[in-house]
Novice: 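Would you mind keeping the following structure in view while I ask a few things?
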Amino acid sequence: MLSPLSLAPSFGFGDRLGLATPGHIAALRGTRFAPIFAQQSVRENARTGRTPQQVLEDAKRAVEAAKWDAPWGADADHLKTVDDLPPFIEAGYTFFTVDPGEHVDNEADTDSVDALQQKVAALDWEELSALYLPGHGEQVWGQFDAESLKRAMVKYAKAIELAVTMFKYLSGLKDAFDYEVSVDETDTPTTPLEHFFLASELTRRGVRFTSLAPRFIGRFEKGVDYIGDLSALDAELEKHAAVTKYFGTYKLSLHSGSDKFSVYPLVAKHWGERIHVKTAGTSYLEALRVLASHEPDLFLKIYELGRERYEADKRTYHVSAELKRLPATHDLPSLLNDFQAREVLHVTFGSAIGKFGVELKAALSKHETAYYEGLRNHFEKHLGLLQD
Ligand code: ZN
């Protein structure tokens, strides 16, 4: 049944075409994770032309057909304003992810002390310094001094404000729901000490959040493995886990979780039960893999459109592929294993669905066994590495 998942370890599957849930269910059965079978951001819906209601209906149909009778959730992802909420609430979503990233002051990390001081003047410095300055005891995630506390306040104050506002709005309309605060798409990483500050302030303001998505160090690009120093990330994830354990009231959430195979063993080790992982576009890439093998003409049309649209479509995503580095190959399925091609195809999904959506869906229905099989294998690989 559709319900909040609270603190159970959980895994989110986005499905941009509305046909992938049977494959997701097959992969998830028997794992330790509670599923989010409907998960779509406002940004994705704008690009796919689907409504929150349609996304949920597509998942529901597959859940019923597969006789999945355990709890599952529906995630209204990356909500940026209160106005984004109503259509998801009306449709019956159970999990709400607020993304106040646009209100994070990325300059706070490098502002001069004078500039910082001016910004702090507008905040409750007296109250917060009494809470966070000396006497707090050194923890593994570090300790504030006056300057670092000011930087954290300035960086996150407005974001916290929006998270509080949206939580209150939801609480006025719903009794039980999962609430996630995500700052994963900000320019600067969230240090473990800043994570502590965020969690502490949200808690103090009465926000009952079930998960929190910091922006981790290194690069979590779409549809490809982690780019960065894994041993530094290992140490950092351990500290984030320590902060989470200190509060004990929420899970850590990994966004852009698709294909981060080198990271899964680390999060499984450090985060344990307090884990949520989100994936989305990788299911779309599995759909394209089916086309590459079975409907090469359609695949080539989508690939060509992707190359035309990449520079424009990539703007709101973190990707680093370059068109000039695309491989020259006639082996189409191998493109789905290539870093450059994966990113190009990944971020141009909206253009592809807009132009070829009908043909794409028809092709997947025709080859549905291959599609479900591909999805199952792909996600079994994800979930296998995330077992504890
Ligand atoms: Zn995200």
Side-chain angles (χ1 to χ4, degrees), residues 4-7 41-43 73 75-90 93-108 119-133 136 141 144 148-188 190-215 240 243-244 246-253 255 274 276 278:
L5 304 175
S6 190
L7 296 186
S41 66
V42 176
R43 174 177 65 191
D75 179 358
D77 202 7
H78 284 284
L79 303 160
K80 302 207 177 213
T81 71
V82 170
D83 295 338
D84 289 337
L85 285 167
F88 289 97
I89 296 172
E90 279 155 31
Y93 280 65
T94 59
F95 187 121
F96 298 84
T97 301
V98 51
D99 172 3
E102 285 164 13
H103 304 274
V104 171
D105 185 342
N106 288 296
E107 264 115 64
K119 291 179 179 176
V120 166
L123 305 168
D124 298 328
W125 171 248
E126 294 298 327
E127 190 184 0
L128 290 174
S129 59
L131 285 168
Y132 295 102
L133 288 180
H136 221 73
W141 53 84
F144 283 116
S148 58
L149 177 59
K150 282 177 191 166
R151 291 196 191 279
M153 285 170 65
V154 168
K155 188 169 174 181
Y156 290 111
K158 292 204 177 83
I160 291 168
E161 221 45 66
L162 181 64
V164 171
T165 303
M166 287 177 69
F167 179 78
K168 283 189 183 154
Y169 182 92
L170 276 162
S171 300
L173 295 171
K174 288 181 75 75
D175 291 333
F177 56 91
D178 291 319
Y179 190 63
E180 174 163 313
V181 179
S182 82
V183 289
D184 68 297
E185 295 195 357
T186 59
D187 294 339
T188 51
T190 315
T191 66
L193 186 59
E194 288 168 346
H195 166 187
F196 169 77
F197 177 75
L198 268 176
S200 175
E201 282 303 293
L202 289 167
T203 304
R204 208 167 65 86
R205 300 286 299 274
V207 178
R208 291 186 304 282
F209 56 106
T210 35
S211 49
L212 184 97
R215 152 82 153 84
H240 282 291
V243 176
T244 309
Y246 173 86
F247 291 96
T249 49
Y250 63 94
K251 301 180 271 198
L252 272 166
S253 178
H255 284 220
R274 295 287 197 250
H276 181 57
K278 295 198 193 200

Novice: Just checking F196 against Y246, ring centres under 6.0 Å apart?
Specialist: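 Yes: the rings meet the under 6.0 Å criterion.
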Novice: Can you tell me how far the CG atom of L170 sits from the CG atom of D178, to the nearest 0.5 Å?
Specialist: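 Answer for the CG-CG pair, L170 versus D178, is 11.0 Å.
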Novice: Is there a donor-acceptor pair under 3.5 Å between the side chain of T203 and the backbone N or O of A199?
Specialist: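 Yes: the side chain of T203 pairs with the backbone of A199.
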Novice: Could you check, using the six-membered ring where one of them is a Trp, whether F167 and F177 have ring centers closer than 6.0 angstrom?
Specialist: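 Between F177 and F167, which both carry aromatic rings, the centre distance is below 6.0 Å.
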Novice: Ignoring hydrogens and angles, tell me if any N or O in the side chain of T81 forms a donor-acceptor pair with the backbone of D83 under 3.5 Å.
Specialist: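 The answer is yes, because a donor-acceptor pair under 3.5 Å joins these two groups.
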Novice: Over all heavy atoms of both residues, which pair between P214 and V183 is shortest? Give the atoms and the distance, please.
Specialist: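 Closest approach of P214 to V183: CA-CG2, 4.0 Å.
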Novice: Between NZ of K80 and OG of S41, what distance do you get to the nearest 0.5 Å?
Specialist: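 OG of S41 is found 8.5 Å from NZ of K80.
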Novice: Roughly how far apart are D184 CG and T190 OG1, rounded to 0.5 Å?
Specialist: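 Reported to 0.5 Å precision, the distance equals 8.5 Å.
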Novice: Does the side chain of R215 come within less than 4.5 Å of V104's, by heavy atoms?
Specialist: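 With C-beta onward as the side chain, the pair stays apart.
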Novice: After noting the C-alpha distance and the side-chain angles of I160 and M153, does the key distance pass the side chain to side chain contact (heavy atoms under 4.5 Å, CB included) rule?
Specialist: CA-CA 10 Å; I160 291 168; M153 285 170 65; over 6 Å; no
Novice: To the closest 0.5 Å, what do you measure between CZ (F197) and OG1 (T191)?
Specialist: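 With rounding to 0.5 Å, CZ (F197) is 11.0 Å from OG1 (T191).
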Novice: In terms of side-chain geometry, is the basic nitrogen of K251 or E180 positioned less than 4.0 Å from the acidic oxygen of its partner?
Specialist: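 Between E180 and K251 there is no salt bridge, as every charged N stays at least 4.0 Å from the carboxylate O atoms.
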Novice: Heavy atoms, side chains only, cut-off 4.5 Å: are H195 and T244 in contact?
Specialist: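 The answer is yes, as the side chains (C-beta and beyond) meet within the 4.5 Å cut-off.
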Novice: Looking at every non-hydrogen atom in both residues, tell me the closest pair between V154 and K119 and how far apart they are.
Specialist: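 Heavy-atom minimum between the residues: CG1-CD, 3.5 Å.
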Novice: Taking the side chain as every heavy atom from C-beta outward, state whether L123 and L128 have any pair of such atoms under 4.5 Å apart.
Specialist: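 Answer no - side chains too far apart.
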Novice: Enter the distance from L162:CG to H103:NE2 here, rounded to the nearest 0.5 Å.
Specialist: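 Here the rounded value is 5.0 Å.
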Novice: Tell me, with the steps shown, if D75 and T97 meet side chain to side chain donor-acceptor pair (under 3.5 Å).
Specialist: CA-CA 7 Å; D75 179 358; T97 301; 2.9 Å; yes
Novice: With distance as the sole test, does Y179 use its side chain to make a donor-acceptor pair with the main-chain N or O of A163 at under 3.5 Å?
Specialist: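 Yes, the answer is positive, given that a donor and an acceptor are paired below the 3.5 Å cut-off.
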Novice: Hey, does I89 have a side-chain heavy atom less than 4.5 Å from the side chain of K174?
Specialist: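 Yes, their side chains come closer than 4.5 Å.
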Novice: Pick one: which of D77, T210, L85, V181 meets side chain to side chain contact (heavy atoms under 4.5 Å, CB included) with F96?
Specialist: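 Going through the options one by one, the only one that passes is L85.
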Novice: Between the main-chain N or O of L79 and the side-chain N or O of D99, is there a donor-acceptor pair closer than 3.5 Å?
Specialist: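 Checking the backbone N and O of L79 against the side chain of D99, no donor-acceptor pair under 3.5 Å is found.
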Novice: Under a 4.5 Å cut-off applied to non-hydrogen side-chain atoms, are P100 and K158 in contact?
Specialist: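 P100 vs K158: side chains apart.
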Novice: Counting neighbours of CZ on R204 that are heavy atoms of other residues, nucleotides or ligands and sit closer than 6.0 Å, is the number greater than 12?
Specialist: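 Atom CZ in R204 is crowded, with more than 12 foreign heavy atoms closer than 6.0 Å.
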Novice: If we check side-chain hydrogen bond (donor to acceptor under 3.5 Å, both in side chains) with K155, which of these qualifies: T186, N106, T188?
Specialist: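 In the set T186, N106, T188, the residue that makes a side-chain hydrogen bond (donor to acceptor under 3.5 Å, both in side chains) with K155 is T188.
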Novice: Taking the six-membered ring for Trp, are F95 and H276 parallel (under 30°), tilted (30 to 60°) or perpendicular (over 60°)?
Specialist: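 Rings of F95 and H276: tilted, as their planes differ by 30° to 60°.
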Novice: Is the shortest side-chain heavy-atom distance between L133 and F144 below 4.5 Å?
Specialist: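 Heavy-atom side-chain distance check passes, below 4.5 Å.
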Novice: Could you grab the distance from atom CZ of R43 to atom NE2 of H78, nearest 0.5 Å is fine?
Specialist: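 One gets 6.0 Å once the value is rounded to the nearest 0.5 Å.
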Novice: Which atom pair, heavy atoms only, marks the closest approach of W141 to P192?
Specialist: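 Distance-wise, the nearest heavy atoms are CB-CB, 3.7 Å.
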Novice: Where do Y169 and P86 come nearest, in terms of heavy atoms and distance?
Specialist: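 Closest heavy-atom pair between Y169 and P86: OH-CG, 3.7 Å.
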